[in-house]
Amino acid sequence: MTTLLEIINTFEFQTFLKLILGAILTGLIGLERSSLNKPAGFGTHALLGISGVLVVICSQYMTSNYDIDMSRIPAQLLSGIGFIGAGTIMRNGYNVKGVTTAAGLLAVTCIGLTIGAGYYIGGVVATIIVYLILAYAHNISDNFERYSVLSLEIVIAEQESETINNINEYFTQKKIELKRLQRTEYDDKEGKKETIEITGCYDARYLKKSRIIEELFAIDNVLEVTEL
C-alpha cells in the first residue's frame, strides 16, 4: 500500500494523471461546441486544456530545479490565449459570432491550469459548470430576451418578383424590422437564382428564429434559407 501511494505521488505519475484528466475534461466541453458546429471543437479545446496542464507542470518542474517564479509562465499563457480566442470571433453586419466560443477557450485553458496545479476538484466542478452554461444558457436567455438580431441568406428563383413581395409581406406581418438587405444574382447548374441577404430585428418574446426560417422556407419559390 505504501509503495502504491509513493508511485501515485511521484512527479511522473501526477504528470500522466493531470494530462489525461485535463484532456478529458476540456475535450468534453469541446464536444458540446462540436455538436453545434462551432469553429473550435473537441480537438481545439482538448489541445488548449493539455497546454494549460503542461504549462503548470513545466513551471513546477522549473521551480523545483531552477528556483524560478512558477507564476510567470501561466500568466503569459493567459495573455496569449486572447489571440486564439479572437480568431474564432466573426462579424457579419450587425451579427457577431464566436464570442461564446472564445470565452469557452479561455475557460478550458483555466481548467487546464487548475488541473496542472493539482486542484482536481476545482477543475472537475468548473468543467461541469462551464458545460452546463454552454449547453443550456441560450434556453434561459431566450426566455428573458426581448429583441434579437436576425441574419439570413434566402435563395430564390431569379426574377420571382411575387416571391420577393411575399417575403416583404411576411416581414411586415411579423413586425420584423429590416436593417440591411442585399440582393445578388448568380448562375447555377439548375438555372439562374438570386440570393437575398437580410439583417433585421424581431421580438424574441413572440417569435423564434427556427419558426421564422421554417415559415420563410414555406413560401413558394424559396429554395433555401440559411442562418448567417
Side-chain angles (χ1 to χ4, degrees), residues 27-46 84-105 131-228:
L28 179 65
I29 296 173
L31 286 175
E32 192 281 332
R33 296 282 86 190
S34 296
S35 67
L36 299 176
N37 295 318
K38 298 301 180 179
F42 171 81
T44 303
H45 283 75
I84 299 178
T88 67
I89 300 176
M90 298 172 288
R91 179 174 181 178
N92 184 11
Y94 290 89
N95 197 18
V96 178
K97 293 184 176 182
V99 177
T100 302
T101 298
L105 294 178
Y131 184 90
L132 291 176
I133 289 173
L134 292 176
Y136 301 107
H138 64 280
N139 294 330
I140 298 174
S141 61
D142 286 347
N143 294 328
F144 291 93
E145 192 175 48
R146 183 172 181 181
Y147 292 103
S148 185
V149 175
L150 179 72
S151 186
L152 299 175
E153 181 182 84
I154 305 173
V155 179
I156 65 172
E158 188 200 26
Q159 297 179 347
E160 290 289 347
S161 57
E162 184 179 351
T163 303
I164 296 175
N165 291 335
N166 290 337
I167 292 174
N168 289 331
E169 183 179 350
Y170 173 81
F171 284 125
T172 301
Q173 290 177 350
K174 298 299 182 180
K175 298 181 179 179
I176 300 174
E177 181 182 356
L178 294 182
K179 299 293 185 181
R180 185 178 70 91
L181 189 149
Q182 179 178 335
R183 296 171 60 179
T184 305
E185 297 180 0
Y186 66 97
D187 291 325
D188 187 80
K189 61 181 181 181
E190 299 176 357
K192 291 187 176 182
K193 295 180 181 179
E194 183 173 338
T195 298
I196 306 173
E197 292 187 8
I198 294 173
T199 301
C201 295
Y202 67 97
D203 195 331
R205 295 173 300 173
Y206 308 108
L207 283 175
K208 297 297 181 184
K209 192 175 295 184
S210 58
R211 178 183 170 188
I212 294 173
I213 294 174
E214 289 175 0
E215 292 179 347
L216 283 172
F217 187 70
I219 296 176
D220 291 340
N221 296 316
V222 172
L223 306 177
E224 184 180 343
V225 181
T226 306
E227 182 181 1
L228 296 175

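Contacts of Thr226 classified as side-chain hydrogen bond (donor to acceptor under 3.5 Å, both in side chains), with partners at least two apart in sequence or in another chain: Glu224. For Glu153, the side-chain hydrogen bond (donor to acceptor under 3.5 Å, both in side chains) test picks out no residue, with sequence neighbours left out. For Lys175, the side chain to side chain contact (heavy atoms under 4.5 Å, CB included) test picks out no residue, with sequence neighbours left out. Listed by chain and number, the residues in a side chain to side chain contact (heavy atoms under 4.5 Å, CB included) with Glu215 are Tyr170, Lys174, Arg211 (sequence neighbours excluded). With sequence neighbours left out, Glu169 forms a side chain to side chain contact (heavy atoms under 4.5 Å, CB included) with Asn166, Gln173.
A side chain to side chain contact (heavy atoms under 4.5 Å, CB included) with Glu194 holds for exactly one of Ile154, Asn221, Ile164, Val155; it is Ile164.
Smallest separation of non-hydrogen atoms from Leu152 and Glu227: CD2-CA, 3.9 Å. Of all the heavy atoms in Tyr131 and Ile29, the pair that sits closest is CD1-CA, 4.3 Å.
Atoms OG1 and CG, from Thr195 and Leu223 in turn, are 9.5 Å apart once rounded to the nearest 0.5 Å. Note that CD1 of Ile196 and CG of Leu216 are 10.0 Å apart. Values are rounded to the nearest 0.5 Å. If you take CZ on Phe171 and CD1 on Ile212, they are separated by 7.5 Å, rounding to the nearest 0.5 Å. Here Thr172 contributes atom OG1 and Ile167 contributes atom CD1; the two are 12.0 Å apart, rounded to the nearest 0.5 Å.
Taking the side chain as every heavy atom from C-beta outward, Ile156 and Ile219 never approach each other to under 4.5 Å.
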